[in-house]
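Remarks on the structure that follows.
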Amino acid sequence: MTTDANNLAEHTSSHGFWREAWRRFRHRKLGMLALLFVVFLCLVAIFAPMIVGTKPIVCKYKGTLYFPAMGYYVRSWENPIFRKDRFRNTYPKNLKEKDPDSWAIWPLVYQDPYRRVRNDEWPGRPGNPSGTKGSPSRLNFFGTDQVGFDVFAQMVHGTQIALSVGFISMSIAGAIGITIGALAGYLGGWVDVLLSRLIEVVMCIPSLVLILALVAMLDEVSNYHLMAIVGVTSWTGIARLARAEFIKLKQMEFIAAARALGASRWRIMFLHVLRNALAPVLVPITFGIAAAILIESGLSYLGFGASPPNPSWGTLLKSGRNAIQQTWWLIVFPGTAIFLTVLAYNLIGEGLQEATDPRLRQDSH
Amino acid sequence: MRNTIVLTLFLAMLSLSPTWIGCSSKQESASPAEQDAKQGSAATADTSADEAGEEAEVAAPVKPFVLGDMLEPFEPPTLEEIDATAEWIEQPVLDGMELMREEQAKQGEPQLSVEEALALRNNSPADNEKLIHTLGRLAPPDHAGVDFDETFVREAQGDLKSTNPLLFSTAMDGEFSDLAGIGMFGFDRHFTPFASKDSVVSWQTSKDRLMDKLVLRDDLTWSDGRPITAHDVEFSFKVILSDAVPIPAVRSGTIELRYVKAYDDRTLVIFHKEALATNIWNMLFPIIPKHIYEDSLAEDPTMSRSAYHSKLEDNPVVGGAYKLVKRVRGQEFVVERREEFYMHQGKQVRMKPYFKQIRFKVIEDPNTALLALKAGTIDDHRIDTEQWISQTDDDDFYKYNTKLTALGWDSYYICWNFKTPFFEDKQVRQAMSFALDYKEMLNTIFHGLYQPSRGTFHPTSWMFPKENPPEPYQQDLDKAEDLLDAAGWEDSDGDGIRDKMVDGNRVPFQFTLLVHQRPDAIKVGTLLKECLSQIGIECFIKPTEFTVWVEMNRTKAFQASMGVWGTGADPDTQTNIFGTGAGRNSGNYSNPEVDKLFEQARKEFDREKRGELYGEITKLMWEDQPYTWLVYRNSFYGFNKRLRGYTFSPRGPYGFSPGMSGIYKAAMP
């Protein structure tokens with residue numbers, strides 16, 4: 001009897017909400033494929049300078065080890081020694097010339113997202129073709145744009161932009177949206193009235209107009225500016241959802257129990273309620289990432305993106321538009337990347353929604 | 001028809017001050033009319049047309065209208081008194097078509113027949129030459145082969161904003177005024193001015209060059225049937241110099257005149273303040289009908305707000321070869337030949353304009369325009385370099401069209417602002433010029449289709465120095481770095497960016513380059529950024545919309561700015577760009593010697609001597625490098641195969657005499 005009871009207890013013990021959600025998500029093939037694709041993109045984004053670039057990943061120069069490729073992440077991470085003594089940032093030639101004992105480990109592909117690779121820059125290698133002659137080739141996997149910039153290099157480095165735009169802007173939106181939604185939903189009363197009106201006011205602000213105004217005002221527009229604007233204008237949906245979840249959850253018994261145990265208001269809000277409200281909130285965040293990527297690509301396509309040179313997928317599409325009949329590779333590759341990435345996020349969002357909302361579970365019927 | 005071109009000149013010469021070639025972000029380059037109307041005179045012009053339009057819009061009629069209240073007090077002498085003392089010198093009254101025919105006759109017979117030319121593809125400069133000589137041939141004096149019933153469907157890169165020539169503000173306003181306006185002067189493709197035979201009987205200048213006397217023809221009529229008289233000219237002059245009328249752009253050249261007096265319906269004397277070689281350009285102002293506007297201006301000096309003026313806007317009374325018959329905003333406007341322009345009292349008095357109708361279709365996107373040209377729905381298109389290289393070589397293009405190129409003088413430049421810690425030093429500006437990779441710019445960005453720049457005047461112009469002329473810069477990073485070191489810009493803190501102590505502060509060499517949102521400008525900016533990064537300078541590129549770009553240049557709110565100067569007709573217009581404290585001297589350049597030479601050149605009437613003075617100016621400025629001059633831009637056009645008679649000036653196929661007037665559609669066999 002005791003054994004039976006134990007078996008029963010083992011059998012009915014809960015895996016926990018997240019584990020359960022993950023288990024259900026895992027069974028969704030499309031969702032998993034999309035997740036794998038996003039993980040792949042993340043890897044590409046993180047290791048972009050190692051995949052394609054014209055700066056060595058690591059080199060020994062005048063007796064010291066350097067990591068010049070880090071300059072692709074942040075300019076100042078590239079040691080200034082490579083800008084002195086007329087080194088001029090041109091590695092293949094100058095490393096050997098200025099220090100015959102130097103050695104370097106190069107990225108997998110010698111191309112640059114910010115400039116055209118010139119003739120003989122890498123010994124024996126021809127310069128990138130320009131105009132409409134840059135169709136995909138052995139040296140330029142995805143071809144080159146009109147001024148000879150390698151499309152593959154721009155796409156790989158553009159992944160950083162696409163992903164960071166999505167993640168960072170939605171992190172900002174999530175932080176604001178969840179906080180405001182939580183306060184409005186949990187505290188209720190006049191706080192709810194005020195915050196709800198605030199949400200409505202922000203909903204009326206068109207982010208595109210704000211971005212255009214910002215682009216006009218700033219001297220150097222970076223993608224971080226775009227992320228910030230997208231983030232601070234797109235939290236309203238998240239806030240509304242969070243508010244509704246908080247209103248629903250604060251009346252549950254476990255909250256009453258926590259309150260009876262003397263937990264503080266903030267502890268209840270952000271520890272007990274939030275973790276239960278998070279799943280539905282993740283869904284709009286996922287869709288928001290997809291939307292943010294589209295916004296960034298659209299802005300770059302229209303010429304209102306980050307200051308040039310900006311190796312964004314949207315910028316590539318824009319350059320392809322000028323000679324659409326000749327330079328198909330400037331449309332097909334970045335277009336496909338944008339499509340697949342947005343689709344992946346939407347599939348993940350959909351999968352999350354179904355995995356976390358019992359009403360949508362296919363296996364619940 | 002030819003004197004319609006003359007109005008172009010009016011608009012072109014509206015001011016002696018400079019204007020930039022601009023465009024919407026959608027198009028690569030400005031339309032010819034834009035250069036025409038806005039640049040007016042040589043590579044410069046004062047207030048931009050766009051700007052002029054904006055000013056016109058914002059300026060409310062706050063002041064009461066008093067006709068000619070900006071004029072200094074002047075009592076014109078009687079005509080008899082003038083004739084007694086003036087010692088008139090006869091000036092040329094010419095016909096642009098005849099001049100062009102003479103020039104073409106000197107070139108000899110075309111190397112090809114028309115059929116051969118139409119079958120030829122433009123693959124080399126030699127082919128281009130053959131095509132221009134054959135298809136660009138004007139119709140013979142008897143106009144044999146011209147189909148007078150045809151319509152010319154032209155590409156309009158923007159919409160028509162106003163049909164009133166005083167209110168012109170866009171490229172298309174200039175185009176409309178070319179066709180529908182009336183004027184007294186014109187200039188040929190070499191920018192030599194003359195009075196137009198179509199509207200003027202005689203033109204004389206007093207010996208002291210302080211007066212010009214014109215006798216107008218008596219067979220000119222407005223489209224409402226009233227005669228065009230000297231009183232209309234005097235009235236237009238006074239309207240332009242009325243403070244309440246918000247037209248600063250039109251006013252800026254005209255204000256240099258002392259007075260315009262109509263002594264009778266046909267006789268006109270123009271009084272100048274000073275004897276200058278540039279007086280001819282000041283006399284070019286638009287003419288409006290006195291009987292239409294004299295009573296309405298007091299009520300609405302803006303000429304655009306009252307119901308009466310609004311009605312006139314869509315049904316303008318015009319004096320030129322064509323009149324407006326249709327206007328669908330944002331889509332198209334259509335002008336139709338005026339029979340009474342060339343027929344007077346049953347007799348033909350002027351050349352019959354070649355087209356029955358000219359239809360301007362608004363297509364802002366150059367790619368769409370090219371597709372329309374290929375489909376035969378428009379007859380002309382200004383091709384950009386990308387299209388020239390890659391999209392106009394196939395059967396699809398040559399089925400209905402051919403393409404031509406011609407030397408252009410429009411000048412790309414980067415202006416350095418002297419009022420920044422960076423560019424006050426000549427050595428730094430020279431270093432900037434040495435840093436740019438010109439080969440990459442010319443061959444990769446401009447596909448080898450533009451010419452390397454050698455200063456503010458084009459080498460083929462009479463202003464370019466004949467002795468020791470400037471040679472194009474070549475990239476020399478070592479020299480650039482030496483110059484920067486000598487100027488004190490060194491990387492003292494070891495961060496890879498040069499810096500210098502300025503007023504006790506360490507200033508890193510980081511600056512922003514303002515460009516307008518044209519793809520080629522952004523590409524050149526990106527290339528400069530790459531080059532400067534190699535020598536420890538950080539350059540940020542800031543693309544802006546054209547009107548913002550103009551405003552930032554006007555207010556000098558930039559560190560470096562890239563732009564294009566259009567081709568003007570007189571080099572004196574550059575005083576306004578490079579003269580100390582001049583209106584368009586955005587970079588705050590100042591060289592007293594250059595100022596002095598500009599002043600001398602303005603007073604010099606002998607073209608050769610004047611040319612030498614401008615040559616000196618060119619050399620001095622080449623040494624100073626207030627700009628890094630980049631390239632001269634050529635013209636590239638696609639024309640329907642039925643079109644003939646297109647000729648080119650350094651500003652393109654339009655905007656001079658004969659220009660548009662010479663173009664016709666050949667009669668079908």
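Note that the structure is predicted; figures quoted are calculated from it, not measured. Chain letters run A, B, ... following the sequence lines, proteins first and then strands; every chain starts at 1.
Atom NZ of A:Lys133 sits in a sparse spot, with 12 or fewer heavy atoms from other residues, nucleotides or ligands closer than 6.0 Å. For A:Tyr73, the OH atom is densely surrounded, since the number of other residues' heavy atoms within 6.0 Å is greater than 12. Around atom NZ of A:Lys96, more than 12 heavy atoms belonging to other residues, nucleotides or ligands sit under 6.0 Å away. B:Tyr400 OH: 12 or fewer foreign heavy atoms inside a 6.0 Å radius. Atom OH of A:Tyr110 has more than 12 heavy atoms from other residues, nucleotides or ligands within 6.0 Å.
Heavy atoms closer than 4.5 Å to chain B are found in both the backbone and the side chain of A:Gln146. Residue B:Glu538 touches chain A through its side chain alone, counting heavy-atom pairs closer than 4.5 Å. Using a 4.5 Å cut-off between heavy atoms, B:Leu477 contacts chain A through both its backbone and its side chain. With a 4.5 Å cut-off on non-hydrogen atoms, B:Gln559 does not touch chain A at all. B:Ile389 does not touch chain A: none of its heavy atoms, backbone or side chain, sits under 4.5 Å away. In this structure, chain A has heavy atoms under 4.5 Å from both the backbone and the side chain of B:Thr444. Heavy atoms of B:Asp394 lying under 4.5 Å from chain A are absent altogether. Heavy atoms of A:Thr327 lying under 4.5 Å from chain B are absent altogether. Interface remark: A:Phe149 contributes side-chain atoms only to the contact with chain B (heavy atom separation under 4.5 Å). Looking at B:Thr526, only its side chain comes within 4.5 Å of chain A, counting heavy atoms on both sides. Of the two parts of B:Leu514, neither the backbone nor the side chain holds a non-hydrogen atom closer than 4.5 Å to a non-hydrogen atom of chain A. Proximity to chain B (any heavy atom under 4.5 Å) is shown, for A:Ser307, by both the backbone and the side chain. In this structure, the portion of B:Asp495 lying under 4.5 Å from any heavy atom of chain A is its backbone and not its side chain.
Ionic pairing of B:Asp437 and A:Arg115 is not present here: no N-O contact between side-chain nitrogen and carboxylate oxygen is shorter than 4.0 angstrom. Between A:Arg88 and B:Glu481 there is a salt bridge, since at least one side-chain N of the basic residue sits less than 4.0 Å from a carboxylate O of the acidic one. Ion pairing between a basic and an acidic side chain is recognised when a charged N comes within 4.0 Å of a carboxylate O; B:Glu530 and A:Arg116 show no such pairing.
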Pair A:Lys84-B:Asp491, side-chain contact (heavy atoms from CB on, under 4.5 Å): steps then yes or no = CA-CA 8 Å; A:Lys84 286 180 181 167; B:Asp491 182 14; 3.3 Å; yes
ask   = Going through the distances and angles, do A:Arg86 and B:Asp478 end up as a side-chain contact (heavy atoms from CB on, under 4.5 Å)?
value = CA-CA 8 Å; A:Arg86 315 215 158 168; B:Asp478 287 332; 3.6 Å; yes
message = Run A:Arg83 and B:Ser533 through side-chain contact (heavy atoms from CB on, under 4.5 Å) and show every step you take.
response = CA-CA 8 Å; A:Arg83 293 177 192 277; B:Ser533 139; 3.4 Å; yes
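If you take CD on B:Glu386 and OG on A:Ser319, they are separated by 9.5 Å, rounding to the nearest 0.5 Å.
Contact tally against chain A (heavy-atom pairs below 4.5 Å) for B:Lys529, B:Lys523, B:Gln391: the top residue is B:Gln391. The greatest number of non-hydrogen atom pairs below 4.5 Å with chain A, out of B:His447, B:Gln387, B:Lys542, is found for B:Lys542.
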